[in-house]
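See structure below.
First the proteins, then the strands, lettered A, B, ... as listed; each starts at 1. Please read all numbers here as calculations on a predicted model, not as lab measurements.
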2 protein chains.
Amino acid sequence: MGIFSKTCEYAMRAVFFIAAKTADGGRVGIKEIATGIDSPEHFLAKILQDLSRRGVIQSAKGPNGGFYVDEAILNMPLSSIVEAVDGNDIFIGCGLGLEYCSEENPCPIHHEFKAIRNQIQVLLKTTKIGEFNEDLNLGIAVLKK
Amino acid sequence: MGIFSKTCEYAMRAVFFIAAKTADGGRVGIKEIATGIDSPEHFLAKILQDLSRRGVIQSAKGPNGGFYVDEAILNMPLSSIVEAVDGNDIFIGCGLGLEYCSEENPCPIHHEFKAIRNQIQVLLKTTKIGEFNEDLNLGIAVLKK
DNA sequence: CAAATAAAAGACAAAAGACTCTTTTATTTT
DNA sequence: AAAATAAAAGAGTCTTTTGTCTTTTATTTG
């Protein structure tokens, strides 16, 4: 596995896809999203339901329904997606999995890893969900395997 | 889960423990290691067998047997442990889980993540297994939950 | 050589994560 | 109101990770 869980990878790709498709209005359906990011449809549906409940995307049922995002969501940081799916372990967890690792009671690599955790945090907090729309729509960035 | 798999976390803690205990000679048994790092004994045994086969630690059977490390191992980088257990995904994997993500065909966060992957790599490659022996033996660093 | 010791190996078992399929509910359009 | 559409929800499966238990093999010591 990578830095994030598979579920979280799907979530980020899906949110980027939805953002790029619906920033100018409109909705996009689960089938189109699943195809667009190479993910299993029903599994992704669950992930998106969860993200929708948590306000990271929006959804509407019925004809012309689908998933979409508004301006406020476009300006939300990537950390919103990651925290909704994987929690905040990546920001605070110990590199060696020690529950009580801290500044006062550090594991051997505690200080070295603090820098990495911080950098991940800065990246996820300062990058906006809508930031890639142009690159995605121009085909400069890609979401498929 | 954190950056590394649970297996990898146990592996690193165990190798640090063995290094600190045996750098000046001697062996340490699986029971003492498991107790010393708060890990399930039999599960850890498998991990250590694997590390031993891959040359990341050494082992001897029979009375006065156990696990130990020599001078060469003390100077090996942490990346040897991580690669033996988790492979090199952490160094090369895409942040969004895309198989064909690359400089020419980047995912949206490819460039941002390159810096993080590089920092993790530098940390793991430049830190030596034996580097924490003193802190561990003095109780300044800790390996227990 | 016999007994004791300790790692190696193998076969299971439980839990979590990833994924599928079916039914239900809400909305829109005619 | 009826039909069509599309997300929401629920139940269940498969796979991987994590963990347990038992047996075997190698080594040392008396």
*Is any NZ, NE, NH1 or NH2 atom of the basic residue among B:Glu83 and B:Arg54 found under 4.0 Å from an Asp or Glu carboxylate oxygen of the other?*
no
_From C-beta outward on B:Pro63, which listed nucleotide comes closest to its side chain: C:dC19, D:dT27, D:dA7?_
D:dT27
*Within this structure, what is the CD1-to-P distance between A:Ile30 and C:dC19, rounded to whole angstrom?*
14 Å
*asked:* Any side-chain to backbone donor/acceptor pair from B:Asn75 onto B:Glu71? Under 3.5 Å, distance only.
replied: yes
Expected list for residues 84-94 of chain A: side-chain donor-acceptor pairs under 3.5 angstrom, two or more places apart:
from: A:Asp86; atom 1: OD1; to: A:Ser5; atom 2: OG; distance (Å): 2.7
from: A:Asp86; atom 1: OD2; to: A:Ser5; atom 2: N; distance (Å): 3.1
from: A:Asp86; atom 1: OD2; to: A:Ser5; atom 2: OG; distance (Å): 3.4

*asked:* For a quick test of reading the model, state the closest non-hydrogen atom pair linking A:Ile81 to A:Met12 and the distance between them.
replied: CG2-CG, 3.9 Å
*Which heavy-atom pair separates A:Asn137 from A:Ala20 by the least distance, and what is that distance?*
ND2-O, 3.3 Å
*Encode nucleotides 9-17 of chain C as B, S and - characters from 5' to 3', where the letter depends on protein heavy atoms closer than 4.0 Å: B to the base, S only to sugar-phosphate, - to neither.*
BBB------
*So which nucleotide from C:dA8, C:dC19, D:dG19 ends up closest to the side chain of B:Phe43?*
D:dG19
*Using atom CZ of B:Phe4 as one end and atom C1' of D:dT17 as the other, report the distance to the nearest whole Å.*
18 Å
*asked:* On a heavy-atom basis, which atom in B:Ala23 and which in B:Asn133 lie closest, and how many Å separate them?
replied: CB-ND2, 3.5 Å
*Establish, with yes or no, whether the OP1 or OP2 oxygen of D:dG19 is under 4.0 angstrom from a side-chain nitrogen or oxygen of B:Tyr10.*
yes
*Take A:Gly66 and B:Arg27, find for each the nucleotide of DNA chain D with the closest heavy atom, and name the residue whose nucleotide sits nearer the 5' end.*
A:Gly66
*Taking the side chain of A:Lys61 as its heavy atoms from C-beta onward, which of D:dT20, D:dA26, C:dT25 lies nearest to it?*
C:dT25
Identify all side-chain donor-acceptor contacts of residues 58-67 of chain B below 3.5 Å with residues at least two apart in sequence or on another chain.
from: B:Gln58; atom 1: OE1; to: B:Asp70; atom 2: N; distance (Å): 3.1
from: B:Gln58; atom 1: NE2; to: B:Asp70; atom 2: OD2; distance (Å): 3.1
from: B:Ser59; atom 1: OG; to: B:Ser52; atom 2: OG; distance (Å): 3.4

*Just how far, in rounded Å, is P of D:dT18 from CD1 of B:Ile47?*
8 Å
*asked:* For a quick check of understanding: with a heavy-atom distance under 4.0 Å over all strands, which category does B:Ala60 fall into, base, sugar-phosphate or nothing?
replied: sugar-phosphate
_Gap between atoms CG and P, on A:Leu48 and D:dA6 respectively (whole Å)_ = 15 Å
_B:Lys31 NZ - C:dA8 P separation (whole Å)_ = 14 Å
*Starting at atom CD1 of B:Ile37, determine the distance to atom P of D:dT18, rounded to an integer number of angstrom.*
14 Å
*Below 4.0 angstrom from OP1 or OP2 of C:dT29, is there any side-chain N or O of A:Asn64?*
yes
